[in-house]
Amino acid sequence: MSGYHALGMCVSGAGVVLRDMMSSGFATCRLSLTPRQMQEALTPGHLKKAKLMFFFTRYPSSTLLKTYFLDVQFSRCITSQLIKWFSNFREFYYIQVEKFARQALLEGVVDACTLQVSRDSELFRALNMHYNKGNDFEVPGRFLEVASLTLQEFFSAVRAGKDADPSWKKPIYKIISKLDSDIPEGFKAAGCSQELLHS
DNA sequence: CGGATGCCTG
DNA sequence: CAGGCATCCG
């Protein structure tokens with residue numbers, strides 16, 4: 001809940017100001033008047049922001065990322081680093097889900113549909129701990145749905161013995177990649193990364 | 001060749 | 001999470 005408030009405040013704030021700085025000052029005086037807030041390297045605040053964004057998008061394009069990190073000076077290095085972050089986020093996510101799917105199988109679960117990820121489930125706890133450590137952000141319900149589907153897909157695949165195929169996860173990745181949802185505009189706000197760091 | 005992906009290591 | 005490397009494509 002506190003997370004929502006912080007973002008809400010960012011939305012009405014200095015978003016426009018940053019744009020003006022970029023279009024005028026930066027473009028005409030690139031060497032002498034570099035905006036102070038324009039980061040040349042990703043900060044811990046950016047990392048925290050990226051993790052929260054993961055709750056909405058698992059497969060963000062570099063283009064999308066550029067529109068949500070307006071305070072970052074994108075370069076090949078920065079872009080690849082951000083993309084890399086999400087790649088790492090996905091790895092952790094899928095590893096966790098697979099683990100719980102196999103566990104459910106061992107516990108004798110029969111119907112995949114009964115596998116639902118709720119806010120009080122162990123899987124959610126593990127994921128929330130990783131992407132929202134301080135638990136200061138209200139995870140969107142949509143994420144729970146995506147996680148549930150992912151869990152069911154892994155469960156069904158393993159139960160069907162598809163994990164024998166070296167590339168058995170590919171079909172699942174394909175499905176999940178289509179479930180990305182829009183990211184709240186609040187994440188674009190200037191200073192958002194730092195605000196999150198404090199909350 | 002240089003950049004994007006993906007797997008997997010430490 | 002960052003490094004490395006193998007691989008694929010323009």
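Note on naming: letters A, B, ... go to the chains in the order of the sequence lines (proteins, then strands), and numbering restarts at 1 for each one.
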Across the strands shown, which category fits [X] at heavy-atom distances under 4.0 angstrom: base, sugar-phosphate, nothing?
{"X": "A/K169", "answer": "nothing"}
{"X": "A/Q81", "answer": "sugar-phosphate"}
{"X": "A/F92", "answer": "nothing"}

Donor-acceptor pairs under 3.5 Å, side chain of residues 152-159 of chain A to any protein atom, not counting sequence neighbours: which ones?
| from | atom 1 | to | atom 2 | distance (Å) |
| --- | --- | --- | --- | --- |
| A/Q152 | OE1 | A/Q116 | NE2 | 3.1 |
| A/S156 | OG | A/Q152 | O | 3.0 |
| A/R159 | NH1 | A/V110 | O | 2.6 |

Salt-bridge present (A/E122, A/R125; N to O < 4.0 Å): no
Are the charged groups of A/D136 and A/K48 less than 4.0 angstrom apart, N to O? yes
Between [X] ([atom1]) and [N] ([atom2]), how many Å, whole number?
{"X": "A/I95", "N": "B/dC7", "atom1": "CD1", "atom2": "C1'", "answer": "11 Å"}
{"X": "A/R90", "N": "B/dG6", "atom1": "CZ", "atom2": "C1'", "answer": "9 Å"}
{"X": "A/N88", "N": "B/dC7", "atom1": "CG", "atom2": "P", "answer": "13 Å"}
{"X": "A/E91", "N": "B/dT9", "atom1": "CD", "atom2": "P", "answer": "11 Å"}
{"X": "A/W85", "N": "B/dA4", "atom1": "CH2", "atom2": "P", "answer": "17 Å"}
{"X": "A/Y94", "N": "B/dC8", "atom1": "OH", "atom2": "P", "answer": "16 Å"}

Heavy-atom count around A/K51 NZ within 6.0 Å, excluding the residue itself: above 12? yes
Contact list for residues 90-106 of chain A, test side chain to side chain donor-acceptor pair (under 3.5 Å), sequence neighbours left out: A/Y59-A/Y94, A/Y93-A/T150, A/Q96-A/K99, A/E98-A/R102, A/E98-A/K169, A/R102-A/D163, A/Q103-A/E107
Outermost nucleotides of DNA chain C that come under 4.0 Å of a non-hydrogen atom of chain A: C/dC1 to C/dG4
Determine the minimum heavy-atom distance between A/F124 and A/S118, stating which atoms define it. CB-O, 3.2 Å
Of the candidates B/dG6, B/dC7, B/dG3, the side chain of A/K84 sits closest to B/dC7
